[in-house]
*Asks:* 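Could you have a look at this structure, given as structure tokens, before my questions?
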Amino acid sequence: MAEVRPLLRDELLPPRRLERRHLISIADLTREDVERLLSLARAFGRSLEREVKKLPTLKGRTVVNLFFESSTRTSSSFELAAKRLSADVMSIKSSGSAVDKGESLKDTAITIGAYDPDVVVIRHPHIGAPHVVARWTKAHIVNAGDGTHQHPTQALLDLYTIDEELGGVSGVHVAIVGDVLHSRVARSNIQALALMGARVTVVGPPALIPRGIEALGCEVSYSIDTIRDADVVYVLRMQRERMLEGANYVPSLREYTARWGVTPGRLRPGQKVMHPGPMNRGVEIDAAVADAADALIERQVRSGLVVRMAVLYDLLTHGPVEVKVAEIEEVA
Ligand code: NCD
């Protein structure tokens with residue numbers, strides 16, 4: 001992927017109230033918002049059972065996918081979601097674009113904004129990037145992952161998957177295991193699961209669990225044996241690209257696998273296993289676990305499509321998702 005320049009201070013400041021609706025953080029959603037999105041996703045799920053899968057719903061609307069970081073699942077599902085709703089969709093990746101030539105995010109946003117897109121989906125390695133695009137375009141913004149901060153559509157598709165598989169989210173115990181420190185998926189999921197009444201325990205070595213994470217609505221355990229207590233074991237990828245160079249979070253990957261890898265022996269029969277992908281088979285997850293019948297990993301990808309259809313539809317047609325000014329100030 002291309003070198004992506006850090007955000008400039010003038011891109012982030014001063015914060016101002018954003019008057020359009022966006023999906024930037026799970027913290028901006030209420031329980032009702034989540035319930036509405038999940039029930040919309042179920043409706044879209046039914047529509048995909050038909051032979052002709054395309055709906056005319058967003059005909060004439062434009063969705064731009066702006067991906068400044070590698071992605072298979074997220075970018076493909078947003079693209080297909082927009083196409084299934086008949087929107088015009090344009091996908092731009094940082095490598096091969098003017099970002100390669102050092103363009104700032106503000107200038108990229110202004111350029112894209114000139115086409116009057118209705119929605120801009122953005123993935124970026126830096127926290128706060130979605131706010132920059134919200135500031136410099138008139139589009140609704142969907143955060144598809146900003147640094148270690150948030151990945152709200154991943155959390156929504158995980159809620160959807162758990163709801164479909166276990167018949168509800170409330171009261172379900174989810175153990176999130178691994179590199180929580182570098183994971184936007186963990187942050188979004190803890191908040192989303194807690195919001196919907198699940199019990200969440202994060203499990204991993206102390207160096208990979210951020211201090212104070214309990215404030216998001218979870219318990220912490222430094223023992224891998226704890227995962228046996230959960231209904232769902234949610235495995236996180238070792239995020240090597242986000243680890244600071246020279247910092248030793250774990251003695252070695254081999255040691256990590258020996259102590260924290262999710263293997264058949266560490267699971268109870270019937271426990272469901274999830275992973276946001278991409279997986280490092282043989283590192284955080286044993287291949288036998290990834291391929292077992294209780295793994296919901298492919299299910300998660302299927303959920304991603306209908307949940308992203310619901311998010312695009314909802315932003316362009318329905319209820320309030322207000323961005324809190326406090327959050328913009330926090331990242332600026
Ligand atoms: C995640 C991401 O990019 O945050 N992947 C995804 O969206 N499917 C998790 C990861 O990269 O480990």
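We count ligands from 1, going down the list as the structure has it; atoms in each ligand are counted the same way. We count residues from 1, following the sequence as given.
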*Asks:* Which of the numbered atoms in ligand 1 are under 4.0 angstrom from any heavy atom belonging to Gln239?
*Replies:* 10 (C), 12 (O)

*Asks:* Ligand 1 and Glu69, any nitrogen or oxygen pair closer than 3.5 angstrom?
*Replies:* no

*Asks:* Find out whether the Lys NZ or Arg CZ of Arg123 is both under 6.0 angstrom from the six-membered ring centre of Phe67 and within 45° of the ring's axis.
*Replies:* no

*Asks:* Under 3.5 Å, is there a donor on one side chain and an acceptor on the other for Asp294 and Gln271?
*Replies:*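 Their side chains do not contain a donor-acceptor pair, so the 3.5 Å distance test is not met.
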
*Asks:* Donor-acceptor check, side chain of Asp179 to backbone of Gln239, threshold 3.5 angstrom: yes or no?
*Replies:*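 Side chain of Asp179 to backbone of Gln239: a pair is present.
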
*Asks:* Identify the protein heavy atom lying closest to atom 12 (O) of ligand 1, giving its residue, its atom name and the separation to 0.1 Å.
*Replies:* Arg237 NE, 2.7 Å

*Asks:* For Gln150 and Ile26, indicate whether the former's side chain and the latter's backbone hold a donor-acceptor pair under 3.5 Å.
*Replies:*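 Side chain of Gln150 to backbone of Ile26, a donor-acceptor pair under 3.5 Å: yes, one is there.
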
*Asks:* Under 3.5 Å, is there a donor on one side chain and an acceptor on the other for Thr108 and Glu103?
*Replies:*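 A pair is found: one side chain offers a donor N or O, the other an acceptor, under 3.5 Å apart.
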
*Asks:* Hey, looking at atom 5 (N) of ligand 1, which of Gly304, Pro276, Gly277 has the closest heavy atom?
*Replies:* Gly277

*Asks:* Does the side chain of Val235 reach to within under 4.5 Å of the side chain of Val289, using non-hydrogen atoms?
*Replies:* no

*Asks:* At what distance is the nearest protein heavy atom to atom 7 (O) of ligand 1, and which residue and atom is it?
*Replies:*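 For atom 7 (O) of ligand 1, the nearest protein heavy atom comes out as His151 NE2, 2.8 Å.
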
*Asks:* Could you tell me, atom by atom, which parts of ligand 1 come under 4.0 Å of a heavy atom of Val185?
*Replies:*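 Near Val185, the atoms of ligand 1 are 1 (C), 4 (O), 9 (C).
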
*Asks:* Go through ligand 1 atom by atom and flag the ones less than 4.0 Å from a non-hydrogen atom of Gln154.
*Replies:* 6 (C), 7 (O), 8 (N)

*Asks:* From atom 4 (O) of ligand 1, work out which of Met238, Arg184, Gln300, His275 has a heavy atom at the shortest distance.
*Replies:*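 Among Met238, Arg184, Gln300, His275, the closest heavy atom to atom 4 (O) of ligand 1 comes from Arg184.
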
